[in-house]
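First the proteins, then the strands, lettered A, B, ... as listed; each starts at 1. Every heavy atom of this structure was used, including side-chain atoms; hydrogens, water molecules and symmetry mates were not.
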Protein chains: 2
Amino acid sequence: MAVLEDEGYRATAPRRAIINILAEKQEGFTAEEIGNELPAVGRATIFRTIKLLLKAGVICRLNLMDGAPKYSLSSVEHHHHTVCVRCGNVGEFRAATVERLMRGLSDDIPGNIVGHRLELYIVCDRCTGNPDD
Amino acid sequence: MAVLEDEGYRATAPRRAIINILAEKQEGFTAEEIGNELPAVGRATIFRTIKLLLKAGVICRLNLMDGAPKYSLSSVEHHHHTVCVRCGNVGEFRAATVERLMRGLSDDIPGNIVGHRLELYIVCDRCTGNPDD
DNA sequence: GCTACAAACGATATTCAGTATCAATAACCG
DNA sequence: CGGTTATTGATACTGAATATCGTTTGTAGC
């Protein structure tokens, strides 16, 4: 919540409402979902606020193969995502191994690596139990 | 080109035209680019054919952070992409290290890993030379 | 080569996510 | 409290992608 002040933005009611919703979500959510839960807030503001939080690093965007992009709280600053291919739930993980790998890879790549993104497609434990949910 | 027959699709003129264009491109290209080079082919067909080739595994889709998705020939069956953050060019690379990493990671992930996707954001050699192109 | 039938086509309308515009509103600072 | 200015919401718009549908065109069988 302090993010708004830190960046010099105003702590308006719509923004607070959106941030409160996000805090409960944790998991991957779409812009539309937020809009549905806050009918009082205009579409434009939803997207504006999401963009604002993206820039502030509070949430991160995840472009999936199909459908609208999902967002999730970036509870840790650098991390990667797991996406369950069956239920679509999104998780976060962090692995030092990945970062180490990047450094190793830099010799094979024609240019300077400035960032990376890793997505793991999984069948989550919940879905493993229910063959077709 | 044999892809079409292999999957039971018809080898129509528009499809052949599209495939020919793709064969020259190699790099990341958008659906719109293809459309521009083939004004005779309807928009719908461009997208239909792209989807078809995606399913057949001939090309792969790359959802970037902004703008339309890019596609590229999957000249090797499993690979990852480099995206130059300055000029937007897309490259492919393959590294056994990545695959090895996945196996190592599987213990830390709550579920079964069924696939993965890695994108490297780089400043390519060409752009490193020209500070602001 | 000709015919028939289904697959595929192109033009158009439509959906959907996201953005621009702009007058009205509400935070913040004094 | 009042003025300034960021922010809002309604609406219109854009741009990518899809659905519809009458027409065209591969292809298999003759």
Side-chain angles (χ1 to χ4, degrees), chain A residues 1-22 25 28-56 58-72 83 88 90, chain B residues 1-22 25 28-56 58-72 83 88 90:
Chain A
M1 190 69 70
V3 196
L4 297 175
E5 294 141 24
D6 287 358
E7 307 269 337
Y9 299 120
R10 290 186 181 171
T12 67
R15 283 179 186 164
R16 273 193 298 252
I18 292 173
I19 293 178
N20 282 338
I21 298 268
L22 299 198
K25 291 244 163 197
F29 47 84
T30 64
E32 207 195 352
E33 276 169 42
I34 305 299
N36 291 341
E37 301 198 28
L38 292 172
V41 178
R43 282 175 53 73
T45 302
I46 301 284
F47 284 105
R48 275 192 287 241
T49 306
I50 285 181
K51 195 182 288 181
L52 188 152
L53 294 174
L54 266 179
K55 220 183 318 178
V58 179
I59 59 180
C60 54
R61 182 199 205 135
L62 190 54
N63 274 320
L64 300 176
M65 289 281 82
D66 55 334
K70 287 193 166 189
Y71 303 89
S72 66
V83 185
V90 173
Chain B
M1 191 66 70
V3 196
L4 296 175
E5 293 141 23
D6 287 358
E7 307 267 338
Y9 299 120
R10 290 187 180 170
T12 67
R15 284 179 183 162
R16 272 193 297 252
I18 292 173
I19 293 178
N20 281 337
I21 298 269
L22 300 197
K25 290 243 165 202
F29 47 85
T30 64
E32 206 195 352
E33 276 170 41
I34 305 299
N36 290 342
E37 303 200 27
L38 292 171
V41 177
R43 282 179 56 73
T45 301
I46 301 285
F47 285 105
R48 275 192 289 240
T49 305
I50 285 180
K51 194 181 289 180
L52 188 152
L53 293 174
L54 267 178
K55 218 182 322 175
V58 179
I59 59 180
C60 53
R61 183 198 203 137
L62 189 55
N63 274 321
L64 300 176
M65 289 281 81
D66 56 332
K70 287 194 168 188
Y71 303 88
S72 66
V83 184
V90 172

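DNA chain D is contacted by both Val41(A) and Glu32(B); Val41(A) maps to the nucleotide lying nearer its 5′ end (nearest heavy atom per residue). Nearest-nucleotide positions on DNA chain C place Gly8(B) closer to the 5' end than the other of Pro39(B) and Gly8(B).
Between the CG atom of Asn36(B) and the C1' atom of dG15(D) there is a distance of 13 Å, rounded to whole Å. Per the geometry, NZ belonging to Lys70(B) stands 16 Å off C1' belonging to dA16(D), to the nearest Å. Counting to the nearest Å, the P atom of dA10(D) and the CG atom of Leu38(A) are 13 Å from each other. Taking atom CD1 of Ile34(B) as the reference point, atom P of dA16(D) lies 14 Å away to the nearest angstrom. Rounding to whole angstrom units, CZ of residue Arg16(B) and P of dG26(D) are separated by 7 Å. Counting to the nearest Å, the C1' atom of dT8(D) and the CD1 atom of Ile18(A) are 11 Å from each other. The interatomic distance linking Glu33(B) (CD) with dG15(D) (C1') rounds to 15 Å, in whole Å. Distance, Phe47(A) CZ to dC16(C) P: 13 Å, rounded to whole Å.
Taking only side-chain nitrogens and oxygens, Arg15(B) comes nearer than 4.0 Å to OP1 or OP2 of dC9(C). Here Lys51(A) does not reach the OP1 or OP2 of dG18(C): none of its side-chain N or O atoms lies under 4.0 Å away. Not one side-chain nitrogen or oxygen of Thr12(B) sits closer than 4.0 Å to the OP1 or OP2 atom of dT25(D).
Nearest nucleotide to the side chain of Arg10(A), out of dA26(C), dT8(D), dC9(C): dA26(C). Of the listed nucleotides (dA8(C), dT18(D), dG18(C)), dA8(C) has the atom at the smallest distance from the side chain of Tyr9(B). Taking only side-chain atoms of Pro69(B), from C-beta outward, the nucleotide of dA17(D), dA17(C), dA27(C) with the closest atom is dA17(D).
Arg16(A) contributes a side-chain N or O that, together with a main-chain N or O of Ala11(A), makes up a donor-acceptor pair within less than 3.5 Å.
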Go through Leu53(A) and Leu22(A) one step at a time and tell me if the side-chain contact (heavy atoms from CB on, under 4.5 Å) criterion holds. CA-CA 11 Å; Leu53(A) 294 174; Leu22(A) 299 198; 3.7 Å; yes
side-chain contact (heavy atoms from CB on, under 4.5 Å) between Arg15(A) and Leu52(A): does it pass, once the steps are laid out? CA-CA 10 Å; Arg15(A) 283 179 186 164; Leu52(A) 188 152; 3.6 Å; yes
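On a pure distance criterion of 3.5 Å, a polar donor-acceptor pair joins the side chain of Arg43(B) and the base of dA17(D). With hydrogens and angles left out, the side chain of Arg48(A) and the base of dG9(D) share a donor-acceptor pair within 3.5 Å.
Going from atom CZ of Phe29(A) over to atom CD of Glu37(A) covers 10.5 Å, rounded to the nearest 0.5 Å.
Checked against salt bridge (charged side-chain N to carboxylate O under 4.0 Å, His left out), Glu32(A) has no partners two or more places apart in sequence or in another chain.
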